[in-house]
Amino acid sequence: MWGVRFARSAVVVTAGLSLLAALPGAAAAHVAHQGVGGDGAAEPETHASVPSTGDEDANSNHISLVLDPNGTVRATEVLTFSGGVPEEFTRTFVTRQPYDTDHDRLYEVTGVTARDGDGDPVEVRTAAGADTLDVTMEPAGAETVILSYEVSGTTSRIGRQLELEWVAVGGYSAPVASTTVEVDAPLPPLALSCAAGEPRSSIYCTSSDMGGHQALVARFLQADLEVGQTLSIVVGYPPDTAPGDPLLERTWSLSSAFSITPATSGVFGLLLVVLIGGLIVLIRVRGRDERALRTEAALGDHAPIAGTEDGVLRFHPPNGVHPGQIGTLIDEQADVVDITATVVDLAVKGHLVIEELPHESFTSVDWRLVRQPPPRDDEPRRYERLLLEALFHNRDEVRLSELGDTFATRLDDVREELYRDMVRMRWFARRPNVERNQWTVMGIVLTALGVLLTVLLAMYTHAAFTGLAVVIAGAAVTVGAQYMPAKTRLGSAVFAHTLGFRAYLHRADADDVPESQRVPLFSRYLPYAIIFDTVERWAQILATAGSAELDGDDLPWYHGPDEWRLDDFADSIRTFTLTLSGVISNTRQFRTLG
């Protein structure tokens with residue numbers, strides 16, 4: 001940032017020399033950079049004296065800086081208190097400055113000591129801030145204090161030159177009338193510049209020169225530095241004068257915190273490979289269903305009946321799957337429609353009778369469920385027994401409108417048993433709800449950790465991009481959790497057979513079954529039609545078959561009021577399933593699935 005000033009160096013030197021001639025009085029004596037402290041060393045001829053303000057009651061400071069071949073600046077300051085010795089005097093060093101958009105430049109100040117003009121130690125306290133180092137001295141009556149220290153990080157290569165840049169005075173705790181800075185190095189200076197005043201000021205200092213015609217030492221003078229004001233210097237040298245690597249520290253910014261580096265890109269790419277690999281595995285496992293559909297769906301696409309020796313047709317669904325099991329197998333969810341279809345299936349198989357109660361037009365319809373003795377030819381599965389207990393709860397009959405808290409609290413057991421049934425039938429290796437929940441929790445936790453990691457990395461490093469990869473991974477796991485419950489090979493085969501059966505129900509008609517056997521068989525079809533969303537079609541087919549086969553207007557498992565006819569069955573069963581689904585949906589366990 002000082003490069004422009006070097007282009008003006010010749011003009012500056014001329015102006016500075018003119019100003020030197022105009023200033024009143026010349027101080028013939030000053031402390032050389034090698035002999036400060038009264039050790040009697042002779043001052044080199046090239047170190048010409050600099051002017052003073054002539055105010056004998058004003059404080060002054062002479063700073064000698066020597067750049068060694070290793071790039072370290074060895075500094076000696078001679079502070080003279082001419083207007084009265086203060087109890088304390090603080091000298092502030094700038095230790096951090098902005099360098100570019102992504103870095104701060106650091107200056108390391110070490111080895112701070114002080115002594116008076118007689119060589120006796122002076123007490124020194126240091127206090128490091130974020131960007132400064134305060135050095136507080138207690139002169140104890142000494143009019144002269146000699147401060148010594150070393151500075152690293154002042155050099156950097158700018159073009160074909162080595163540039164020494166340093167805030168030679170970071171700020172005094174009291175006004176100083178005259179501050180002189182001399183900079184010596186193994187090679188002569190090539191150019192110089194300075195700025196003085198308030199911090200970050202661009203106003204040129206009082207004067208500067210390079211030691212006359214021989215130009216071996218850079219000199220700077222600043223008059224009347226007020227409290228807190230600074231003096232910054234820049235000196236250009238040949239490139240081989242000293243090492244030129246500044247001390248840089250990356251600064252925080254939104255862009256730098258999420259900077260893309262080879263390391264962050266590598267981690268992100270590795271995680272991407274893992275995600276893609278996991279996706280491929282998931283597609284492969286989930287694709288088992290699609291492969292089974294292509295090869296085995298036809299095995300279920302036929303009438304689910306089989307003849308017996310006495311010529312009676314028996315209902316045989318694919319793989320003996322029950323309606324509630326089919327719904328859970330298809331979408332891995334034990335939901336409202338599965339429970340509703342199971343209630344109808346239990347009625348069809350003779351475990352209960354559904355009675356539609358009399359009602360006036362435009363009034364609510366209600367049903368009474370009447371429990372029947374267990375049929376000898378049908379052993380209910382455990383989830384079916386639990387559902388019967390949830391419905392009746394030690395009663396023989398119950399109205400649908402009376403199902404309340406007892407029914408609600410027991411439905412969760414029914415659903416859990418349906419999931420266990422999936423494992424018991426070996427259609428899933430683990431309960432689908434448990435596996436889905438585990439992956440969902442894992443995804444949420446991973447996402448939260450990714451967010452926390454991203455925030456921490458953004459605050460303290462420049463690798464927050466890596467944290468974003470973890471967030472993406474967590475979100476992917478959370479979304480993919482819904483697809484994690486993969487069926488076993490057997491489960492995929494049963495799934496294919498079931499969908500073949502669905503295709504049959506969508507196109508079959510009454511002609512596939514002899515007239516005398518349509519009511520019991522089509523009644524068995526109906527719960528599956530509820531699962532496959534063809535209930536109205538098969539309810540109408542069943543009502544038509546019942547009108548032809550039955551003497552009365554009641555089905556064996558569904559009774560209507562006195563004025564009710566079988567022609568009303570399609571509307572009645574649709575209303576019943578909707579009402580029962582609403583009752584189930586309003587329970588706490590199934591409210592989210594309604």
side-chain contact (heavy atoms from CB on, under 4.5 Å) assessment of Phe89 paired with Val122: CA-CA 11 Å; Phe89 185 85; Val122 172; over 6 Å; no
Would Thr454 and Val470 count as a side-chain contact (heavy atoms from CB on, under 4.5 Å) here? Give the steps. CA-CA 8 Å; Thr454 301; Val470 180; over 6 Å; no
The test is side-chain contact (heavy atoms from CB on, under 4.5 Å); show your working for Asp421 and Arg424 and say whether it passes. CA-CA 5 Å; Asp421 210 46; Arg424 192 178 299 115; 2.8 Å; yes
I'd like to know whether Ile158 forms a side-chain contact (heavy atoms from CB on, under 4.5 Å) with Glu165, so could you lay out the CA-CA distance, the side-chain angles of the two residues, the decisive distance to 0.1 Å, and finally the verdict. CA-CA 11 Å; Ile158 307 296; Glu165 179 180 350; over 6 Å; no
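The shortest side-chain heavy-atom distance between Gln229 and Glu198 falls under the 4.5 Å cut-off. Using a 4.5 Å heavy-atom cutoff, the side chains of Gln482 and Glu332 are not in contact. Using a 4.5 Å cut-off on side-chain heavy atoms (C-beta onward), Ile233 and Leu65 make contact. For the pair Arg105 and Ser156, the minimum side-chain heavy-atom distance is below 4.5 Å. With contacts defined as side-chain heavy-atom distances shorter than 4.5 Å, the pair Leu418/Ile339 qualifies. The shortest distance between side-chain heavy atoms of Ile444 and Val441 does not fall below 4.5 Å. Annotation: side chain of Leu411 is not in contact with side chain of Arg415 (no heavy-atom distance under 4.5 Å). In this structure, Gln333 and Tyr419 have side chains that are in contact, with non-hydrogen atoms separated by less than 4.5 Å.
The salt bridge (Lys or Arg N to Asp or Glu O under 4.0 Å) search around Glu435 returns Arg430, not counting sequence neighbours. Scanning for ring pair (Phe, Tyr, Trp, His ring centres under 6.0 Å) contacts around Phe268 gives Phe465, with sequence neighbours left out. Shown here are the salt bridge (Lys or Arg N to Asp or Glu O under 4.0 Å) partners of Glu226, two or more places apart in sequence or in another chain: there are none. Taking Trp166 as the reference, Tyr107 meet the ring pair (Phe, Tyr, Trp, His ring centres under 6.0 Å) condition, with sequence neighbours excluded. Looking at residues two or more places apart in sequence or on another chain, you find no ring pair (Phe, Tyr, Trp, His ring centres under 6.0 Å) involving Phe428. In this structure, Arg436 has no salt bridge (Lys or Arg N to Asp or Glu O under 4.0 Å) partners at least two apart in sequence or on a different chain.
No donor-acceptor pair under 3.5 Å is formed between the side chain of Thr80 and the backbone N or O of Thr144. For Gln222 (side chain) and Thr206 (main-chain N/O), a donor-acceptor pair under 3.5 Å exists by modelled atom type. Side-chain atoms of Thr230 never come within 3.5 Å of backbone atoms of Gly170 as a donor-acceptor pair (strictly under, hydrogens ignored). Not a single donor-acceptor pair under 3.5 Å links the side chain of Asp118 to the backbone N or O of Asp120. Proximity of a side-chain donor or acceptor of Thr241 to a complementary backbone N or O of Leu187 within less than 3.5 Å is not detected. The closest donor-acceptor contact from the side chain of Thr132 to the backbone of Thr92 lies at 3.5 Å or more, if one exists at all.
Ion pairing of Asp413 with Arg410 is absent here, as no side-chain N (NZ or NE/NH1/NH2) approaches a carboxylate O to less than 4.0 Å.
Annotation: the span from His62 atom NE2 to Glu182 atom CD amounts to 3.5 Å, rounded to 0.5 Å. Within the model, atoms CD of Glu108 and CG of Leu133 stand 11.5 Å from one another, a figure rounded to the nearest 0.5 Å. Atom CG of Leu164 is separated from atom OG1 of Thr154 by 4.0 Å, given to the nearest 0.5 angstrom. In this structure, CG in Leu190 is found 11.5 Å from CD in Glu163, a value given to the nearest 0.5 Å. In this structure, CG on Leu192 lies 5.0 Å from CE on Met210, to the nearest 0.5 angstrom. Taking CG of Asn437 as the start and CE of Met484 as the end, the distance is 13.0 Å to the nearest 0.5 Å.
When the shell of 6.0 Å around CZ of Arg157 is examined, it contains more than 12 heavy atoms from other residues, nucleotides or ligands. Heavy-atom contacts from other residues, nucleotides or ligands closer than 6.0 Å to CZ of Arg291 number more than 12.
Phe220 approaches Cys205 most closely through the heavy-atom pair CD2-SG, 4.3 Å. Residues Ser178 and Leu221 share a closest heavy-atom pair of OG-CD1, 3.6 Å. Closest heavy-atom contact between Pro238 and Leu162: O-CB, 3.6 Å. Across every non-hydrogen atom of Asn61 and Val176, the tightest pair is N-CG1, 4.1 Å. For the pair Pro69 and Pro243, the tightest heavy-atom approach, listed with the atom from each and the gap, is O-CD, 3.0 Å. Scanning both residues, Ala463 and Leu457, for their nearest heavy atoms gives O-CD1, 3.3 Å.
Arg91 forms a cation-pi arrangement with Phe93, by the criterion of a distance under 6.0 Å to the ring centre and an angle within 45° of the ring axis.
Between Tyr172 and Asn59, the side chains place no donor N or O within less than 3.5 Å of an acceptor N or O (distance only, hydrogens not considered). Counted by atom type alone, Thr264 and Thr466 present zero donor-acceptor pairs between their side chains at under 3.5 Å.
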